[in-house]
Amino acid sequence: MAKNNSLQKKKSGGVLGWIERVGNKIPHPFILFLVLMIIIAVITFFAKGATVVNPSTDEAVSIKSIISGEGLVFALTSMVKNFTGFAPLGLVLSMTLGIGLAEEVGLMSAFMRRTILGVSAKFVVPVIMLIGICGNLASDAAIVIVPTLSGIIFLYLGRNPIAGVALGYAATTAGFTANLMIAGTDALLQGITNQASDIINGPHIEVTANWFFMIASTFVITIAGTLINNYVVEPRVGPYEGTVVVEKSEVSDEEKRGLKYALIALLVYIAIIVALCVPATSPLRNPETGSLTTQAPLMKGIIPIILLMFISVSIAYGKGAGVIKKASVEVPNIMTKSIAKMSGFIVLAFIIGQFIAWFNWTNTGEYLAIVLAEALKNAGFTGIPLFIFYILIVAFINIFIGSGSAKWALLAPVFVPMMYLLGYHPAWTQLLYRLGDSVTNIITPLFPYFPIILAFMQEYDEEAGAGTLLSTMIPYAGILLFVWIVFMIIWYLFVPIPIGIGGQILI
């Protein structure tokens, strides 16, 4: 790992510097989540029995205490399941197998020197932003892949890889809901929205109801993210003076041959996947609609598909470059070496899995969301003030409840009927929710991928802590939220086209 003391000095001033200094005094993430578990235990002990009604089910939601006989049984009997069931664990380790293999055999280095170093620097950042935003087609896999590659790209370009990791994280996570295509998020939210609309016999929406706005948002967020990186984040983190170095020599003949083999393997692999997708009866299509994107096995299996792609092209490169002599022996050893680097994350996954399970079991997050939703409902706002307050409430709740669909299942029965009675279409209510549901993902330590991104940063700067990550991501979260709200207001006031196919603002 790399030390970067000059980086720490560069960041020391201003509010962000204060946030970083305070944040970096927070103990190791393992201890942090252990402390949070203790806090949850204490709060729920005193708040035990506090009750609100969930508007989506009309059922009472009561705070349960982990400091009880029932809580003790839950904590003990679910501990192993909480660890192995921690969703990012399998995803991160799977991607590490593929990306680690590509790095170890030299594919990443050769590819960067052959391609990225010849690209104009002004195009690199917007391309990363655009790819990251659209990466939600691959679900959470993009949150692991894009920041990793973005950090490597910045390092090869002589730029600070800390800024590169932050850029990739912002693109994939703060811009998660935007896309140029219809993604799984559209389908998940649409179903919940329609159920909520049924409460007041309102109209149903299609998965395309927010599409036009999200296409435009993709470019707006790409531009905004590029400007934030170029004029806020990179100037603040300064030049990279850590010990991680990269080879910038010319690509050798052996490496060129390896890249040629890798390209052939990639094209063959893509051809196979495409051939499997073409038939109308393809097992990779949604069996009910025939879609390749919405609730399709292709999208649900995207992580192993990407993993196998990395393995295939890495082996092909290794064979072509002469790095791999006997794949059956060397490839497993290289993968083992890659996974060994993730031992710290595996330890973290254990404690984070317990915290999330405790948080959910005690009903703390659900209780908080219902209380805030009721507060907004009773606030008496209308028009643009209502829209802004609604987005801010969702953004705040998002700090505590990461799952977009679970949160919408909780909030939609409140806000879809309420907004409908005020004259606003369910498609517009859903769209406003999506804006608040994205940007604060990157600034909450409760987001499952927060410690993963921190680990990526620590690869380049071993002194990086939670404060480093928070202070680097706050400009993205704050500015992107502001830009998205302004863009929403401009669309509401001046844009004459619908927000999507079958989607509109007013009833």
How many angstroms lie between [atom1] in [X] and [atom2] in [Y], if you round to the nearest 0.5 Å?
X      : Y      : atom1 : atom2 : value
Cys277 : Ile272 : SG    : CD1   : 12.0 Å
Met418 : Thr429 : CE    : OG1   : 8.0 Å
Glu104 : Ser314 : CD    : OG    : 10.5 Å
Tyr460 : Phe154 : OH    : CZ    : 11.0 Å
Phe310 : Thr96  : CZ    : OG1   : 11.0 Å
Ile452 : Met457 : CD1   : CE    : 13.5 Å

Looking only at heavy atoms, what is the nearest atom pair of [X] and [Y], with distance?
X      : Y      : value
Tyr476 : Leu167 : OH-CD1, 3.6 Å
Tyr317 : Val105 : CE2-O, 3.1 Å
Ile442 : Ala170 : CG2-CA, 4.3 Å
Pro297 : Arg285 : CD-O, 3.2 Å
Ala41  : Ile66  : CB-CG2, 3.3 Å
Gln190 : Glu206 : NE2-CA, 3.6 Å

Result of checking Val268, Ile273, Val274 against Ile270 for side chain to side chain contact (heavy atoms under 4.5 Å, CB included):
Val274
Could you go through Thr193 and Trp408, starting from their C-alpha distance and side-chain angles, then the distance that decides it, and tell me whether this counts as side-chain contact (heavy atoms from CB on, under 4.5 Å)?
CA-CA 8 Å; Thr193 301; Trp408 188 226; 2.8 Å; yes
Evaluation steps, side-chain contact (heavy atoms from CB on, under 4.5 Å), between Val394 and Leu432:
CA-CA 9 Å; Val394 173; Leu432 297 177; over 6 Å; no
With Ser217, which residues qualify under side chain to side chain donor-acceptor pair (under 3.5 Å), at least two apart?
Trp484
List the residues meeting side chain to side chain donor-acceptor pair (under 3.5 Å) with Thr364, not counting sequence neighbours, and say none if there are none.
Thr362
Do [X] and [Y] touch side chain to side chain, with heavy atoms closer than 4.5 Å?
X      : Y      : value
Phe355 : Ile351 : no
Tyr449 : Val144 : yes
Met335 : Ile339 : no
Met488 : Trp428 : yes
Thr44  : Lys64  : no
Val165 : Ile453 : yes
Leu470 : Phe450 : yes
Ile143 : Phe447 : yes

Would Val53 and Ile370 count as a side-chain contact (heavy atoms from CB on, under 4.5 Å) if you check the C-alpha gap in whole Å, the side-chain angles of each, and the deciding distance to 0.1 Å?
CA-CA 8 Å; Val53 176; Ile370 294 171; over 6 Å; no
Relative to each other, are the rings of Phe350 and Phe83 parallel, tilted or perpendicular (30° and 60° limits)?
perpendicular
When you measure from the side chain of Glu330 to the backbone of Lys326, do you find a donor-acceptor pair of N or O atoms at a distance under 3.5 Å?
yes
So, does Ser438 use its side chain to make a donor-acceptor pair with the main chain of Leu435 at under 3.5 Å?
no
Test side-chain contact (heavy atoms from CB on, under 4.5 Å) applied to Leu76 and Leu72, step by step:
CA-CA 6 Å; Leu76 293 176; Leu72 177 63; 3.9 Å; yes
Is it the case that the ring center of Tyr390 lies less than 6.0 angstrom away from the ring center of Phe415?
yes
